[in-house]
Amino acid sequence: MKSILPADRTPAAPLQADRLLQDAVVSVLRWYPAVRRMLPWRRSPSPYQIWVSEIMLQQTRIDTVIPYYTRFLKELPDVASLAAVPDDRLLKLWEGLGYYSRARNLKKAAVLLMREYGGRLPPSAEELRKLPGIGDYTAGAIASLAFGLPEPAVDGNVLRVITRLTACGDDIAEQKTKRRVSEALRGCYPEGYSAGLLTEGLMELGETVCLPNGSPRCDVCPLSALCRAHRESRELSFPVKSAKAPRRAEEKTVLLLRCGTRYAIRRRPAAGLLAGLWEFPTVDGALSADQVPALAAEYGLSVFRVTPQGSAKHIFTHVEWRMSGYLLDCGEEAPGFLWRTPEEILASFPLPTAFRSWQRLLSEEKAGNPG
Ligand code: ADE
């Protein structure tokens, strides 16, 4: 097992750091069964259920995931049903969860599993890593949780726990730090049921005790007697993470084109942000109320009323949309769009959250201002 202590910080010999991790593993395995939360994907799950939950839990909070997970599994209980689901239905089940490529990759992988693996997930981290949407973290999580293999699953929570435990000042934004932590952990991973317990236990520790920012709960931490950061009262100095590039801001104008009770929607391009999902027609730039009728005319629409709908912001990973919305009452339903009532849009079209806020606004306006 390699030491994860950086070369320039050696408060103890590397071997002692390895010993530290081994002691920590024992402590986590003793602590975790007593505090384990009975989350839906922890009730005798199949490999498929573990896979779906781990994909949903990427970048998404547990509370948000639970209702999506339950609904998804009710409708798509196995690899075969996932492989056969129409894309729009799949995206509808994912609507609001964000990072829609996760859903597309799930289906792609399910098709591949049906074709090449008899509809089963392979019991090997290396094979799992070959599937669309499965990287090191998810492969390790499925391998240990579903198959009892000695494979760590290192996410931001686990990086925080381990870098505090070892007072490791390496930048966790760097891939090589993740690799070193994974390798060090792999060297002391148990097999069988305990492998899954350790994976879950480390996650649980990061999610409920070794909290980020200013609030680690060292008083209830099973590792406090071992933790180097705690011993030095430097919990908040770890993990070290280099600053991300700031998010780019983009101005957008959202056109709520209405003809009678129906609104225009269209499918977004097949590549790029929110690819293939549906939208209210959205254009680049912040147009004024005076400018939007001319744009509508380009779509073949005559506008008899423009009602500004205020502004809204939506944050993606690398971009922030600053949107201005206009309700445009039109004299006809021009081609090039689908025209549907808010109820129909809600029921059948995957509309990302960025546009949902506009739809809500319209429904409210209708309720308060009939006709
Ligand atoms: N975060 C990622 N995977 C998780 C899991 N299986 N349980 C709780 N939190 C998680």
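When a ligand or atom number is given, it counts from 1 through the structure's own listing order. All values reported here derive from a predicted model rather than from experimental measurement.
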*Asks:* Which atoms from ligand 1 have a heavy atom of Glu54 less than 4.0 Å away?
*Replies:* 2 (C), 3 (N), 4 (C), 5 (C), 6 (N)
*Asks:* Any N or O on Arg37 sitting closer than 3.5 Å to an N or O of ligand 1?
*Replies:* no
*Asks:* Do Tyr137 and Gln58 have side-chain N/O donor and acceptor atoms under 3.5 Å apart?
*Replies:* no
*Asks:* Tell me the contacting part of Arg42 for ligand 1: side chain, backbone, both, or neither, using a 4.0 Å heavy-atom threshold, strictly below.
*Replies:*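 It is the side chain that gets close, since no backbone atom is under 4.0 Å.
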*Asks:* What atoms in ligand 1 come closer than 4.0 Å to a heavy atom of Trp41?
*Replies:* 5 (C), 6 (N), 7 (N)
*Asks:* Between the main-chain N or O of Ser144 and the side-chain N or O of Tyr189, is there a donor-acceptor pair closer than 3.5 Å?
*Replies:*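 Side chain of Tyr189 to backbone of Ser144: no pair is present.
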*Asks:* Tell me, which protein residue and heavy-atom name are nearest atom 4 (C) of ligand 1, and how many Å apart are they?
*Replies:*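 Sorting protein heavy atoms by distance from atom 4 (C) of ligand 1 puts Met203 SD, 3.2 Å first.
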*Asks:* With heavy atoms under 4.0 Å as the rule, classify the contact between Ile62 and ligand 1 as side chain, backbone, both or neither.
*Replies:* side chain
*Asks:* Compute whether any side-chain donor of one residue and acceptor of the other, for Arg340 and Ser348, lie under 3.5 angstrom apart.
*Replies:*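 Their side chains do not contain a donor-acceptor pair, so the 3.5 Å distance test is not met.
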*Asks:* Evaluate whether atom CZ of Arg36 has more than 12 neighbouring non-hydrogen atoms of other residues, nucleotides or ligands under 6.0 angstrom away.
*Replies:*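 Result for CZ/Arg36: enclosed.
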*Asks:* Please write down residue, atom name and distance for the protein heavy atom closest to atom 1 (N) of ligand 1.
*Replies:* Glu207 OE2, 3.1 Å
*Asks:* Applying the 4.5 Å side-chain criterion to the ILVMFWY set and letting contacts propagate, would Trp94 and Leu273 be lumped into a single cluster?
*Replies:*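 Per the 4.5 Å side-chain linkage, Trp94 and Leu273 are co-clustered.
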*Asks:* Against heavy atoms of Tyr137, which atoms of ligand 1 measure under 4.0 Å?
*Replies:* 2 (C), 3 (N)
*Asks:* Identify whether the distance between the nearest side-chain nitrogen and carboxylate oxygen of Arg180 and Asp170 falls below 4.0 Å.
*Replies:*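 Answer for the salt bridge query: yes.
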